[in-house]
Structures are given as C-alpha cells and as structure tokens.
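Numbering of residues begins at 1 and proceeds along the displayed sequence.
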Amino acid sequence: MQTEFTKGVILVSGGLDSTTLMYQFVERNVEFVPLFVNYGQHCATKEYDTLLKVIPEQYKDKIETIDISSIFKYSKSRFIRPADLWKDDIKADDLYIPYRNVLLMTVAASFAQTIGLNKVYAAFINSNHAKEIDCSSAFFDKLEGLLSEYGSVKIEMPFRNLSKYEVAELGIELKAPIGVTFSCQASPDIPCGACPNCVDRLKALKELSLESIKHE
C-alpha cells in the first residue's frame, strides 16, 4: 500500500534512504521540512556536507538542525567515537547506540508539533545486517503506534518493509543522486565498507549495476 504524503518533517542525513524519500516528495509535489539531528555521531559533519550535495536544490536553504550531541557524550559506541580502521577490530555490537531511533523519532515529533505539523517521515528500512533491536520492522511498528497513541504527531516510515535494493531502485527512478550519498557507522570520512550501513548500501548498488548490465 502506497503511503499518502502530506506536508511534514523528514529526518534527513545525507544517506541513500532519506535522499530517496526527499526526491519522492518532490516527485509528488508535496512540501516538507528537512530536519538534520546531530546526536554526537562522529560523521555528523560529513553527513551534513553530503546532505547539502544531495538535497533537492529548492530545499537547500530550508534545512533545520537540532544539536543534542551531549546526550551520548559518554558513549563508547564506535558510531560516536570513530575507530581506527587500520588497527581496530570492529564488531556490529560496537556500533550500538542505546535508544537512538527512539530519540530521533521523539525529537522530530516534538519539533514537528512545535511548528504546527502533524507528520514525521523517516526513511528507516528493515535492515538484514543491522544487529540493533531498534532497527527492526517490528520495533518500528511498536514505536509508530506508541507515538501516535500518545501525541498528535503521526510517524510515517514508508520504506520500513523495503530492502535497500528496492529503495535504491526507487532512487534511480526518481533521479536522486544516490551515488554520492554517505552512510557509514564506523568512519567519519570514508565509507568503511564493512559496517551494516555500508554492507546494505554496497550490496544494493552492486545489484543495481548487475541489473543494468543485464538490460544493456
């Protein structure tokens, strides 16, 4: 079932999924407020710089930013404290940030209600590689229900049942610049290629390339 878009806040990060979602809004001629949250992720600067490159031109000067980085200032997560990719042996558990997605959703919902909007859109997908409990489709279902029941803001996650490949395919159709997006959990500068975000992204882009070759 296709999500019906109305004006709302979109959580944006410069990643493939949120970039595709922005371009889907543009394609449907629906306005949105792009919201970037700095929660202390080591790649915040890289994410924001990438966002400026990939966001639809008419929204470049409309980005709203919220800084809540002090919340995780004591975190040892490698998503907060960057690893040395040459020396450190990074496991998926090392990237976990407690309640990150709950935090992002509630911050966005609070912001949306403050500016008089009742919709928050997040481009989270049900990743097969992410180990965090708050990255599953089941978790998103419960969170969406909770926030909707106890507030006037509704959370929409139109990609939560899609694979990264399906989102990337949609991005291509919408002519979104998904090739220059950035989403790495382990490195603040260059995609590590091994974290869950990188694995999903690279796998999707590889599958798209193979499909393109087949149809040549």
Side-chain angles (χ1 to χ4, degrees), residues 3 5-28 30-39 41 43-68 79 97 100-109 111-112 117 119-127 129-130 132 134-135 137 140 143-144 153-185 191 195-202 204-205 208:
T3 301
F5 293 159
T6 57
K7 185 176 180 179
V9 171
I10 300 182
L11 279 166
V12 294
S13 66
L16 188 154
D17 304 324
S18 63
T19 298
T20 297
L21 184 56
M22 287 190 291
Y23 277 79
Q24 193 170 37
F25 266 72
V26 171
E27 189 264 341
R28 296 190 191 181
V30 178
E31 291 183 45
F32 64 89
V33 176
L35 176 63
F36 179 85
V37 180
N38 178 357
Y39 52 88
Q41 68 272 41
C43 52
T45 299
K46 177 69 173 179
E47 285 185 347
Y48 190 80
D49 289 345
T50 302
L51 174 61
L52 291 176
K53 295 176 183 177
V54 300
I55 193 169
E57 187 65 31
Q58 63 268 43
Y59 286 95
K60 189 168 291 187
D61 296 326
K62 298 180 180 180
I63 301 170
E64 297 284 349
T65 60
I66 294 178
D67 189 331
I68 53 171
F79 208 160
I97 304 175
R100 184 190 76 134
N101 289 337
V102 176
L103 182 65
L104 290 174
M105 295 294 200
T106 51
V107 165
F111 178 77
L117 296 177
K119 286 285 186 74
V120 167
Y121 297 88
F124 294 123
I125 66 167
N126 184 24
S127 172
H129 297 99
E132 300 95 325
D134 60 350
C135 282
S137 184
F140 290 146
L143 179 61
E144 181 183 17
V153 176
K154 181 172 176 55
I155 304 296
E156 297 279 6
M157 289 174 273
F159 297 161
R160 66 182 171 186
N161 294 318
L162 300 183
S163 67
K164 182 73 77 171
Y165 170 80
E166 289 171 320
V167 175
E169 187 176 41
L170 176 60
I172 293 294
E173 291 175 7
L174 295 169
K175 295 181 172 55
I178 63 172
V180 295
T181 56
F182 177 88
S183 184
C184 180
Q185 295 164 287
C195 72
N197 282 3
C198 281
V199 169
D200 280 337
R201 181 178 182 276
L202 291 173
L205 294 178
L208 282 172

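Using a 4.5 Å cut-off on side-chain heavy atoms (C-beta onward), I55 and M22 make contact. Residues V167 and Q24 form no side-chain contact, since every pair of their non-hydrogen atoms from C-beta on lies 4.5 Å or further apart.
A cation-pi arrangement is present between R28 and F5 under the rule of less than 6.0 angstrom and at most 45 degrees off the ring axis.
Within the structure, the salt bridge (Lys or Arg N to Asp or Glu O under 4.0 Å) test picks out no pair touching residues 173-182 (sequence neighbours left out). Pairs of residues two or more places apart, or lying in two chains, that qualify as salt bridge (Lys or Arg N to Asp or Glu O under 4.0 Å) and include a residue from residues 6-27 are K7-E31, D17-K164.
For the atom pair CG of L11 and CZ of F124, the computed distance is 6.0 Å after rounding to the nearest 0.5 Å. Distance check, rounded to the nearest 0.5 Å: CD of E47 to OG1 of T50 gives 8.0 Å. The distance from atom CZ of F79 to atom CD1 of I97, rounded to the nearest 0.5 Å, is 5.5 Å. From L21, atom CG reaches atom CD1 of I10 across 4.5 Å, with rounding to the nearest 0.5 Å. For the atom pair CD of E169 and CG of L174, the computed distance is 11.0 Å after rounding to the nearest 0.5 Å. Rounding to the nearest 0.5 Å gives a distance of 9.5 Å between CG of L104 and OG of S13.
In this structure, K53 has no salt bridge (charged side-chain N to carboxylate O under 4.0 Å, His left out) partners at least two apart in sequence or on a different chain. Listed by chain and number, the residues in a ring pair (Phe, Tyr, Trp, His ring centres under 6.0 Å) with F32 are F25, Y59 (sequence neighbours excluded). Taking T181 as the reference, R201 meet the side-chain hydrogen bond (donor to acceptor under 3.5 Å, both in side chains) condition, with sequence neighbours excluded. For the salt bridge (charged side-chain N to carboxylate O under 4.0 Å, His left out) test, no residue two or more places apart in sequence or in another chain qualifies with K46. Under the rule for a side-chain contact (heavy atoms from CB on, under 4.5 Å), the partners of Q58 that lie at least two apart in sequence or sit in another chain are V26, P56. With sequence neighbours excluded, the residues that form a side-chain contact (heavy atoms from CB on, under 4.5 Å) with A176 are T19, Y23, I178. Residues meeting the side-chain contact (heavy atoms from CB on, under 4.5 Å) test with N38, sequence neighbours left out: F36, Q41, A44, D67, S69. Partners of L52 under the side-chain contact (heavy atoms from CB on, under 4.5 Å) rule, at least two apart in sequence or in another chain, are Y48, K60, I63.
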Quick one: do Y121 and K154 satisfy side-chain contact (heavy atoms from CB on, under 4.5 Å)? Show the steps, please. CA-CA 9 Å; Y121 297 88; K154 181 172 176 55; over 6 Å; no
For L117 and V33, run side-chain contact (heavy atoms from CB on, under 4.5 Å): C-alpha distance rounded to whole Å, both residues' side-chain angles, the deciding distance at 0.1 Å, then the answer. CA-CA 10 Å; L117 296 177; V33 176; 3.9 Å; yes
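Taking each heavy atom of V9 and A112 in turn, the nearest pair found is CG2-CB, 3.8 Å. Between G15 and S183, the shortest heavy-atom contact is CA-CB, 4.3 Å.
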